[in-house]
Amino acid sequence: MPFARKPQVFSASINELTLGTGDKAITLGGQNVYNLYTFDGPIANAPKIGIDVSDEAEQPSPGLTAFYEGCTTMAEKAKKAAALDHVDFVNLHFASADPNGANKSVEDCVADAKAVAEAIDKPIVISGCKNPEKDAELFSKIAEALQGKNILVLSAREENYKGIAAGVGLAYGQKVGAESAVDINLAKQLNVLITQMGLDGKNIAMNVGSAAAGYGFEYVVSTLERVKAAALSQNDNTLQMPIITPVGSETWAVKEATATEADAPEWGAQEERGIDMEVETAAACLAYGSDAVILKHPESIKTVSQLIAALM
Amino acid sequence: MALKGLDIFKLTPKTNCKDCGSPTCMAFAMKVAQGAVPIEKCPHMSAEALATLSEATAPPMKSFKLGDHPLGGETVLSRHEKTFVSKTLYGVQVCDCMDAAKQDAVIASIPTVDYERISERMYVETISVRHSADKSADDYVALINKVKGLGRPLLLDCTDVDVAKAAVAAAAGCDFILNGANEENYADMSAIAKEAKVLLGVRAASLDALHETVEKLEAAGNKDLILDVGSASIKDAYANAVEIRRAALKDGDRTFGYPSIVNVAALANGDAHMEAALLSLFTCKYGSIVICSEMTYAKALPLYGLRQNIFTDPQKPMKVTPGIYPINGADENSPCCLTVDFALTYFLQDAGESADYRCLRYVRPDRLGRRQVLQLLHQEVHGRV
């Protein structure tokens, strides 16, 4: 008997979400087959790669320090980052805004964001400092300053979604991210709450959680899979938003990536460990359902980009 | 496709003799349909009935062992549907086309990755020994003899029947797979594998050809197989790995109900970071044995952690042995944090090891909720900073 193929093609599909403007705009999602399953049907929009550009001075590895050599402002860093071939979008990560850390002012963050927007053409995503109040303010002010740029804020959470839905989505027509902690029901609930505020579900992207490989990553795996399964096989339109997973900010914080060679001589060069941790975590996220990953290291970005190209 | 209780009942003696332990044949048939009791429990079933039923109620994917390592036996495509059962095994490739110095270097590097992570030994489980067409049987046998010393199961990656015979003789005494058969040589290779009582790896130019070759092997009486997804391209290998597994577990195609071999050394073409990416990809997506050109700590540390995470049973979260764990050189005068024994909680703290605190971590199994534990940690840690 010949092999009887049974492609899984769904009548439902993941929403298409466009970021940025002009010829550098990108589109996430749109597929009606499982991610990377091009053998089941054509996938119009390949998964995308963003580069994480932090406003903190220190870089997690010597290679990254060398890459950003000579860049003092966020705009200079973003310009260097955006120039990489395989980068589809730039994630401006305002970690310094953390009230328990440097407590950088919202005004300074807005000034940085404006400078970046003038320096680069590629789409811009804004990430905050994880403090819900500060982030809500930060996102709204930047949404206003970058009106017309079609940016995405990553993200609204259960604690602050009202202000962000209103102040970013409704007020300035920017895209809104919805973040939850590896729980499909919380992800669904947050999307429902945000759309109840008046935002179209098609203008939302999800961050369903993230972790470095080995650090409870199975929760990320199962959440990604279950969300995509619900979206496609059950046509659950509260879960059809594309998924963006921040990878680099998680992976460059674990000891496998940060321990110096002096501290862990048998582990070998720190740079290689950091890159492989980032690459392997990203590959797994893409395999299980991420439509975009955010990475830090140019080597990781190149490898993951080549992987995506090979699979498409 | 599982047989329904009624279909099974039709094949029973219908005497209600109770020898099987169930009150009636119908009750017994229902239990068999659920998988609660094996069909063999009925001592009065006819041989034909047993054969029909065994085939129909058999698991969708065969189970084997390579040495002590389980292979196959999967029943679901996603871990959250139930659990995965046979963790991906990794291997490093050596080839008789490598010069002696290179062979020795690769062989010497294999044992260097060997460590423990949450009570599990992480190391390179297998070695794939490749035969190049332009080398002789003697070259191949010499390499096999070198590699045997590492004491790990082997994959004999050779499609030349005569060389395979010599290789199998040389590998006697080891656990190994003969990888092996293709569309042309499968009959001869199968005979060699059967005599040596080893699994036969099967490859083909296309999925259709692979399906046909497996059917022929099964018809000839060999069901001890493992399927090589091929190395024409990353795209093809990925498609094959997924389609083979999905055909067996979802679409009821038993011909593809076998574990898989993925050679990412061949796919990555010397790019170490691409190998890392592919090792991860095929751990996620249905690689039973994944072969690379070199295992380093850089590749291994994320990979074995990933594998450990994916292959946990969702109903049994990983646990850390209860006890007292010093962090950053803590002693009896350091503050003590209390945590639950879930590995996830261990990692949340472990990730913070570079922070400016020293403490003892007292891990105990308890029904403390995660929120309570984190509150306790927060109080302990931030109170001292």
Side-chain angles (χ1 to χ4, degrees), chain A residues 1-8 34 36-40 211-223 225-226 229 251 253-259 264 266-269 271-284 286-288 299-300 302-304 306-307 310-312, chain B residues 78-80 112 115 117 206-208 210-212 215 233-235 238-240 242-243 246-247 250-251 253 255-256 267 271-274 276-281 283-285 296-312 314 317-318 343-344 347-348 350-351 353-354:
Chain A
M1 269 192 306
F3 174 43
R5 273 171 182 69
K6 296 194 180 141
Q8 284 175 293
Y34 284 122
L36 306 177
Y37 282 19
T38 53
F39 42 86
D40 280 348
Y215 287 81
F217 187 73
E218 67 268 37
Y219 295 97
V220 177
V221 167
S222 293
T223 306
E225 286 205 287
R226 292 174 71 198
T251 62
V254 297
K255 65 177 187 290
E256 288 87 342
T258 58
E266 68 170 352
W267 281 7
E271 201 82 35
E272 301 307 297
R273 285 188 264 116
I275 294 168
D276 280 351
M277 176 61 86
E278 194 170 37
V279 162
E280 294 189 37
T281 303
L286 292 168
Y288 287 118
E299 273 307 306
S300 312
K302 186 172 97 173
T303 302
V304 173
Q306 286 169 345
L307 177 70
L311 290 167
M312 290 285 120
Chain B
S78 295
R79 65 180 291 277
H80 66 263
T112 60
Y115 62 101
R117 188 182 204 271
S206 69
L207 221 45
D208 289 313
L210 185 64
H211 197 262
E212 201 182 311
E215 279 185 320
S233 68
I234 291 173
K235 188 170 175 162
Y238 184 69
N240 292 348
V242 175
E243 292 199 83
R246 186 171 65 182
K250 181 181 153 292
D251 303 330
D253 187 342
T255 307
F256 276 161
L267 296 173
D271 181 339
H273 294 309
M274 181 57 83
L278 294 173
L279 281 160
S280 168
L281 184 72
T283 301
C284 298
K285 289 290 183 177
T296 59
Y297 270 94
K299 285 174 182 159
L301 292 165
L303 186 67
Y304 287 93
L306 176 72
R307 181 184 74 177
Q308 195 170 50
N309 284 171
I310 292 172
F311 287 88
T312 55
M318 292 215 76
L344 188 59
F347 282 128
L348 286 172
D350 203 44
E353 256 189 19
S354 57

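For the numbers below, each heavy atom of this structure counts, side chains included, while hydrogens, waters and symmetry mates do not. Just so we're on the same page: letters track the sequence lines, and every chain starts at 1.
Interface remark: A:Phe217 contributes backbone and side-chain atoms alike to the contact with chain B (heavy atom separation under 4.5 Å). For a residue to count as touching a neighbouring chain, one of its non-hydrogen atoms must lie under 4.5 Å from one of that chain's; by this rule B:Phe311 does not touch chain A. At a 4.5 Å heavy-atom cutoff, the contact between A:Thr38 and chain B is made by side-chain atoms alone. Using a 4.5 Å cut-off between heavy atoms, A:Leu286 does not touch chain B at all. The parts of B:Glu243 that come within reach of chain A are both its backbone and its side chain, each placing non-hydrogen atoms under 4.5 angstrom from that chain. Residue A:Glu271 does not touch chain B at all, counting heavy-atom pairs closer than 4.5 Å. When heavy atoms are compared at a cutoff of 4.5 Å, A:Glu278 does not approach chain B at all.
Annotation: maximal heavy-atom pairing with chain B below 4.5 Å, among A:Glu280, A:Arg273, A:Met277, occurs at A:Glu280. Listed options B:Leu267, B:Asp253, B:Leu207, B:Leu301 were ranked by heavy-atom pairs under 4.5 angstrom with chain A; first place goes to B:Leu301. Here A:Leu307 is the residue among A:Val221, A:Val304, A:Leu307 with the most heavy-atom pairs under 4.5 Å with chain B. Among the candidates B:Ala272, B:Ala247, B:Ser78, B:Ser233, the residue making the largest number of heavy-atom pairs closer than 4.5 Å to chain A is B:Ser78.
Between B:His273 and A:Glu272, the closest side-chain pair of non-hydrogen atoms falls below 4.5 Å.
By the ring pair (Phe, Tyr, Trp, His ring centres under 6.0 Å) test, B:Tyr304 is found to be paired with B:Tyr90, residues two or more places apart in sequence or in another chain being considered. With sequence neighbours left out, the ring pair (Phe, Tyr, Trp, His ring centres under 6.0 Å) criterion links A:Tyr219 to no other residue.
Ion pairing between B:Asp208 and A:Arg5 holds under the 4.0 Å rule for side-chain N and carboxylate O. Under a 4.0 Å N-O distance rule, the pair A:Asp40/B:Arg246 qualifies as a salt bridge.
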Stepwise side-chain hydrogen bond (donor to acceptor under 3.5 Å, both in side chains) test for A:Tyr215 and A:Glu256: CA-CA 11 Å; A:Tyr215 287 81; A:Glu256 288 87 342; 2.7 Å; yes

Candidate pair B:Leu281 and B:Leu278, rule side-chain contact (heavy atoms from CB on, under 4.5 Å), full reasoning: CA-CA 5 Å; B:Leu281 184 72; B:Leu278 294 173; 4.3 Å; yes

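Interatomic distance, CG of B:Leu210 versus CZ of B:Phe256, reported as 4.5 Å (0.5 Å rounding).
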